[in-house]
Structures are given as structure tokens and as C-alpha cells.
Amino acid sequence: MSENKYDPKKIEPKWQKYWEEHPELYAAKNDSDKPKKYILDMFPYPSGAGLHVGHLKGYIATDVYSRLKILQGFDILHPMGWDAFGLPAESYAIKNKMHPRIAVAENIKNFKKQLDPVGFTYDWSREINTTDPEFYKWTQWAFLKMFENGLAYEAEEPVNWCPKCKTVLANEDLENGKCERCGTQVIQRRLRQWVLRMTKYADRLLYDLDRKDLNWEDLIKEQQRNWIGRSEGTQFKMKIKDSEEVIEVYTTRLDTVFGMTYAVAAPEHEIIKRLKDSIENYKEVEEYIAKSQQKTELERTELQKEKTGVELEGVKIINPFNGEEIPLFVADYVLGFYGTGAVMAVPAHDERDWEFAKKYDLPIRQSVAPLFIGEGKNKIREDKPNTERKVVDVIIKHWKEDKYFCLDWKFNDWKSFVIGGIEEGETLEKEAIREAEEESGYKNMKVIGQVGGEIRSRFFAAHKDVNRKDLSRKCVFIELTGDGYEEPQEEHVKNHNGIWVEKEKVAEFLTLAELKIFWDIYRNGEKAITDDGIVINSDEYSNLTSEEAREKMSEWLEKNKIGYKKVNYKMRDWVFSRQRYWGEPIPIIHCEKCGTVGVPESELPVKLPEIDSYEPTDTGESPLAKITDWVNTTCPKCGGPGKRETNTMPQWAGSSWYFLRYIDPQNDVVLIDKKKEKKWMPVDLYVGGAEHATRHLLYARFWHKFLFDINAITTDEPFRRLIHVGLISAEDGRKMSKRWGNVVNPEEVIEKFGADAMRVYEMFMGPFSQNIAWSTNGVTGTYRFMEKLWKLQKKINDDSSKEKRLENLIHKTIKKVGEDIENFKFNTAISSLMILANAFEKEKNIGREYFETTLVLLSPFAPSISEELWNKLGHKESIFTEKWPEYDEKLIKDEEIELVIQVNGKVRDKIVVNADISEEEANKMATESAKIKTFIGDREIKKIIYIKGRLISIVI
RNA sequence: GCCCAGGUGGUGUAAUCGGCAGCCACGCGAGACUUAAAAUUUCGUGACCGAAAGGUCGUGCGGGUUCGAGUCCCGCCCUGGGCACCA
């Protein structure tokens, strides 16, 4: 065997050419009975900037996985394509004064040039491009089907308009109210739009996330759940005094309805106009509305400063539960598009209402008391009687120092303020003073005021041998005005000791959570209580839990036909039209006689017309509108004149279903042949960036479920397993960007270190899903690893006998690499291969068989060097025709193990023993160790803990 | 503010079930080779004390459970990501 230097530049192009000429190694086979794996990358948008090393990380991972699956005997589908419609392509084309189609073609060519030298297994015979009419024909077809099924509709509503991109944007396209692409503040414009009724699928999109066969990271699932934002609540009507009008509100906290002290309507709420005649300050109200509509999204949300609003004077709302008359406000902290656009305001239990009520000095009324349930010794006991009781907790401040009088209880672990029972007919203040004097012995007390509202406690009171269910407690703050003192009577102090505690130590001292709350209110002021608890001050609903009260109250509303339970979502329907040229034309014809008519299927695709100027307009009209030849057509229904829809689809249309087309890319009869779909779907592994968690992945699931519903496909969830790729930042820690001049291009890395070293480095740099900075030194390390492997070939010796140690290590490595790739723990897989190589390096001779196994284990990560060395060992066939090795469980087990001996939890000695040593034997050896003996001395051994195969812990 | 993820040497990181913290690399230091440098190679490399043997401390901070905690529980601090007036 020749011993030339490792030269990736020589071997890598050679093997890439070989793979290109032997597509049978990796190309997807439709007719085979082998098990399949559909391994998918999020396809790129071919930008003019090209790829940097960060873009490749996900592609390398799927390639490693695909190569493993090939070796394990699977048929794989691992395709690649281009998501080429949309704003960036169009902007790039405008800037470079070329047609977007040409720009896209050039960029794709460049991308392929960058991808080729990395050595991927892509099946290019299935390449797709979303801007290809043969592809977007089926995007349009799906839209038509949605239109026919009432899922695509026209709406004229205020929508997000980006003044710079000159188009409408979906909610999903915003970042803090700004256009995610150009950072421009969007404005609200009322425009006719096509919208997809995605909310109809909200529940399915939510609940199918919990399906057991959906192996997605929790991170992504959680983001989708939050985005969908399902909430269960109640919608009910309230009468308006001296009027026929009613106002309808939505709430998830009906249990707090007795705490409602006013109501609020959003500025755009129609009731305001309807009540015009009864509103005494209508002019003021109108001005407020006008002002709030001028506010940009920035002022409304980002600054989120003070709440503002105006009372509708002369209007009174009637709370149906207690007949109370309350004022109505218009305020822009209530959103017009969510729920009913109006809310009941309960300042005591809602932070926003609290803030508003404080500002406008509106009453705040508590109707739910937080509930604290005792644990441990304080836990309710079934065998003891339940008693109710009212108490006052008294915060007593020292007359001179900044100290507070507290109690340390003898019966249990309580540390508290003075706590006293309230007798019927007594006032809170009087009781507070009486109890405080009796239990502390101090005189000269002055009540400053009540602290907070009511709290409930449920616990077992050991000193009285009864359950408190529930105890109602309030808190009073008292200051001593002098040092007058008289020894308290025994009966009042027998259960506890009184202590003066410094102000800063009080929070730490208290053991009862409810008293910590009072203390927090005393120090930091009162806030809204937003947790569930026990309903109070609410007539017949008092003393129910929040949950029970919500149930009973909505029953009552339903019985009286003024309300019902309702589910709402944060997610809104998908605004689906863009006023730009470079997108799929929406296949609709507008006819004066027949209205909105779908283009017949036989006329699909509706091709984008060739035009000279595709620059966007300010008017909200698509540039297509100017192409009268194209716009004017005949109505397919009546044959009369019709006009084509000139809006185009958003960038996310094609990517919502592209993965289906790879399976059947040439089919011109149906979107996908179901037989082929059954063979390949669902996608077994989908890898891409987390930035698509709520947009692409939600759209794709929605689109897929729709295609399933119309029986176009047989699966209703597209992606079985989803893994997100962590970003690679530049060496300086910043994002890789032309602007910072810190972009690392794959060409440069390959030129210097070769593709194998780059691939191995990207997989080795850290946990796959974690964001990590690029390190050129790191690539040096993996390059040295390649060199090390290359040099090892000198040591291959056909005659060398099987080394026991190596055999054990090889089998451990087989197990580890296979399992780690399966779990996307590439970094530790490579680490174990390095350990193996280091072990080989110490050997004089390496058995040929061992080395061959190692090459197969390495080949998914570093395919070129593996093929080359494999070939040099005399193999005529590609290494990827090999079988992935199997490990032998018996050979993994060590014969001898090292047992750790601990004394009182500290490692004191280690012994090497036979792996199947018995507990008695091990313990004996441990206690007889000379070292251990010196640590034990003449102390008594209390306990010996033996953990098989690991350690012996001696307690003395 | 809410939700999620994370915090381990100089750096990237590793550590089934609670069981020897720091695997594998990078970097750094010293030596070998060399006229010299690079490359290569050998050894060392968490901190502190010690000549060494060895010992003490150590996984963001403070408590707790346990024979034993990076890992579990409670309370905080910090970083990254997502959502953000959704009633």
C-alpha cells in the first residue's frame, strides 16, 4: 500500500465523480420492498449571497443520517430543491436589473456549485423549483380546492402594509410590529385580500401536536401551541341602561364577574356609533378614537406605556349577575380583533384593568381570594373535623427601631406575625389591637390600616386539633407609639415565643406563604391577583372554587340565554395575497355577472405574464394589474368579459407542500400519485432552522391536513420527526454577514482542509441544535484527525491476531456511533471514533478487519477518505454497498472493572475486580483495603452501600 | 411581563438510573526533531496548599433531600430564544 500524504483535493473530486456516475447507491427507488426513510432538509431560498458554512450544517447532518440508513439497508429519499418565489428574489432582480427568473436560475447554478464539493447524496433527478409552472400549477390547484371548499375567501379588512416592500404582510411576517424583511414599521390599511381560513384547523393543529407518533422537539411544539393560543372562556351579553342595545364581552375569568367595576370597548367597536345619541361626550370619544387609530403599531404595543381611555358619559352597563350599574369606557388596550372587541373589567384580578383603574381612579373590588393549602404537618387530615374561622394577621412595628414583632410557634414549624381570631360583630381594627396587645404585651398601639385583601388558607391546625377549611384571613398594620409593656398572660403565649425581627429578615423568617404575601404587599404595594382561588363577595357563588364558579356561572348564563362557553384563538386566518409580481398568480377570475370564479383546472397553470416593469406600486395594486392583455379574459362561467385576479401568493405557498412533489415530481395528472405517496410519506426526518417553527411548519401542517381532507393524500401529519439545527455564528460571535465581513464560505474551507474535515468539524463542534461560533482552529483539529486515520493504514496487518482490548473497544464504538447518529448526537459519535483512532495509534499492528469496520463507521461523516482507504484495501465496490456492522453485547462487557470505594461520600480508594464479583466479596475487599482502613480507623461501620459495577460507599 | 432552553477549565464541550466531574478536541506550557522556523512528535495542563506522597476546594448564587447532587426539590441571579395589552 502506498504511503503518500493525505490530500483531500485529490481524492474528494474523484469520489464525488464516482457517486455522480453511480446514482444507484443513493437514488430513491419507488419499486422495492426494502424499508424506506424519507429524509428531508428545509429547502433553501437561492439568494444572491450564496451559502456560508452555517447553511451547510443541517444538510451535512441529513447526509450523515442518509448514509447511515443506506448502510443499514434502507431505501432512502433524500432530495433537494429551491424555494424561489418571493420578495427577496424580486428585490435582488430589481436591484441587478434582471428578470427574477434569470436571477433565480443564476443563483441556483451558483448554489449547486457550492453544494457539489461537499459530497451530498441528493437525488437530483427529483429536483424541484417552486417557480416552475409545472410545480406551481399544483400550488394553484390546491388554492382552487380551498376556494371551492370555502377555505379561501376575500375580505376587506385592515391588514399589515409594509410601505417599503409595498405589500400586505401576514401576522406571521411581523417582528415587533415591523416588517421582518426590511425592518420598516408596518401600517394598517384597509385592502381587499385573499385569506385562508386556517382557524378552522386550529384545534387539529393544536391537538395533533400531542400525537405519540409526532416526534418533535418540545421547543417547537411549545412555540406552535403559544402561537395558536387557544383559550377557553365565556361570551355573554350585558344590557345597556335605558337602551335596546347590548354589549357582548368575552372572558376566561367569569369567576371574577362580581369584581367587575367597569367595561371597555375597543376604539373600533361598532357599539360606540350605535350609542352616539346617548353619549354625552361624543366629541371627546370621537377624538380619542381618531387619535388611537393614528397611533402606529409601535406606540400601541412596543412602548406599551400608559393606558389611555375615555368614559362614554351617560352610558351605564348592567352586570347581569348583580344588577349593578357600571360605566363603559373606550380604550385602546382592548383589541378590536380578538374576542368580541369588548371586555368586562375586573381590576382586582387583571393586571391591565388594575393599571387602568388606578390611573382613572375606578373602584377595585376583590371577588376571588387566593387559596393556600397546607403541606406536610399542616396537611388537611381526613379524620379531623372541618371548621371555618376568620382571623386577622397583625404586622406590628417597633416604636423606635425598624423591627417587627413575630411569633415562633412551639407546636409546629410556623413562624408568623400575631394571628388572632375575629369574633362575630367585631371590627377588624378592634380585634387586631386586642390580639396584638394580648399576645405581645405591648401597649400604645395605633392602627395604620389594612394590608391587602382577603386570603384563604386550608390546613390542619395542630394546636387546636381541627382542620381549618377554609380560614379567611385579613391583615392589619399597627405601629407602636411607645414602649409601654405588661407581661402577657400565660394562656396567650403558651403556644409561641415573641421575637422582634429586623425588617430585612422578616421575609426569610416567615414560614407561612400567605403571610409572605401580606408582607410583600406591605412593602411593595398591592397588585392584581390573577390566580384562581376561592370566590368571595359573590352572593350564592361565594366559597366556590374559581373553577366551580366558572362552571355554575356559565350554566346560569346559558339558562338565561345571555351567554355561552366559547373557545378563542390568538392565531388568525392567513392573509394570503401579496401585491407583488414574483409569486404564483391566484387562479381567480372576477366577472361582473358571476362574481368571483375559479379558473378551470384544465387551464392551470395560470402563468405569470412576461412584463418589462414589475416594480411594486404604492396603491396596494399588484404590478400585474397594468398588464391589460393578461388581466382581461373571459369568464369561464358565462363566457362574458372577466378580469384576472392580480394579487399573487406569498412566499410560503410553495413551501407548504413541496415535500410531496419530490415523491412524484413529473406527474402532470395529479399533485401526487397516492401509491407513491404511501410508499414514502410521512417524512421520517425533517431538519431545518427554528425560525420556521410558527410559520412554515404551521402552514405546511395546515395545507397537508386540507389535502388529506379532500382525499388528495393519505397522511394527515407530514413530518414524523423534526429536529432544529443550531446556528453557526462567526468566529467573533456575531451573526455571519457581509456587513461585518465575517462570512466563512465553504469553498475556502474545502480548499484549505477538504470537505471531509469540514463535515466532521461541523458535526463535532457541539450539540447539533445548539448555536455555536465557528472556529477555524476546530477545523484544524478534525483535519489532523483525518491525517491520523490516513497514517494508520501503514499499520494494517492481515496477520495480526485479534486483540482482546481492541475488540472490546471496536464493539463499544459500533454501538455508540450507530446510536449517536440515530439520536443526532454527532459530536459524541465523532469523539468515540477519535478515541478508537487514538487506541489504534498506540498499536504496532492493526487487524485489517478492525480497520475496515472503522472505515464503515466513519463513512457517513467523511465519505471520501473512507471510500479511498476502502478502495486502497482492495475493494472494487463502493463502501456504501457494505452493511453497517453489528455489535456483540457480550464483547462490550468489560471483564474487569474498577470499583470506587467511598467513605462518607468521598472517594478514598479504587480496586480492580472481576466484573461479576458478588456484593459480599466486593464489600469484603473494600473494608480490607489498607487505605480504607486508615480512613475508618477504629470507628464503627454503620452501613455499606453497594452499587453493582460502580462503587461501594461506606458510612461510618 | 409571560412561556421555553441554558449557565461545567483559558475555549467548544462530555458525563444512562443521583454513583470517580472535566471524556474528545482547541488553546497554552515544556521537551524532542531542526542551523532556525513551520510541520510533526512526547509529556503536562480546573484552582489552591505541598519538594513529593498527598490533601482541601470546585459544575451561576443561597438553602434542602441523600451514604452520595452537575444531575432531584425550594428560592434567587444571569444569558439566549419565542410571544407580547389575545381579557
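Nothing here was measured: the structure is a model prediction, and the numbers come from that model. Order of the sequence lines fixes the chain letters, A, B, ..., with proteins taken first and strands second; residue numbering starts at 1 for each chain.
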At a cut-off of 3.5 Å, list every protein nitrogen or oxygen paired with a nitrogen or oxygen from nucleotides 15-19 of chain B, distance to 0.1 Å.
residue: B:G19; atom: N2; partner: A:Q902; partner atom: OE1; Å: 2.9

Dump the pairs, protein N or O against N or O of nucleotides 76-82 of chain B, anything under 3.5 Å, distances to one decimal.
none

- Message: Please determine whether a side-chain nitrogen of the Lys or Arg among A:D820 and A:K815 lies less than 4.0 Å from a carboxylate oxygen of the Asp or Glu.
- Response: no
- Message: Once you measure the plane-to-plane angle for A:F768 and A:F826, does it fall in the parallel (<30°), tilted (30-60°) or perpendicular (>60°) bin?
- Response: perpendicular
- Between the base of B:C85 and the side chain of A:K307, is there any donor-acceptor pair under 3.5 Å? yes
Look at the side chain of [X] and decide which nucleotide, out of [options], has an atom nearest to it.
X	options	value
A:V334	B:C85, B:A87, B:C3	B:A87
A:E841	B:A25, B:U56, B:U41	B:U41
A:M834	B:C24, B:G1, B:C20	B:C24

- Examine B:C26: is either OP1 or OP2 under 4.0 Å from a nitrogen or oxygen in the side chain of A:R784? Give yes or no. yes
- Message: Tell me whether the side-chain N/O atoms of A:Y338 come closer than 4.0 Å to OP1 or OP2 in B:A87.
- Response: yes
- Message: A:K358: which residues meet the side chain to side chain contact (heavy atoms under 4.5 Å, CB included) condition with it, sequence neighbours left out?
- Response: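 Expected list: A:W354, A:I364.
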- Query: With sequence neighbours excluded, what pairs up with A:R230 under the side chain to side chain contact (heavy atoms under 4.5 Å, CB included) test?
  - Reply: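 With sequence neighbours excluded, A:R230 shows a side chain to side chain contact (heavy atoms under 4.5 Å, CB included) to A:D203, A:L206, A:Y207, A:E232, A:V567, A:Y569, given in chain and number order.
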- Query: Under the salt bridge (Lys or Arg N to Asp or Glu O under 4.0 Å) rule, what pairs show up with a residue in residues 770-784 of chain A, not counting sequence neighbours?
  - Reply: none
- Message: Does anything in residues 759-780 of chain A form a salt bridge (Lys or Arg N to Asp or Glu O under 4.0 Å)? List the pairs, not counting sequence neighbours.
- Response: A:D63-A:R759
- Task: Step through it carefully: locate the ring centre of A:Y333, locate the ring centre of A:F356, and say whether they are under 6.0 Å apart.
- Result: yes
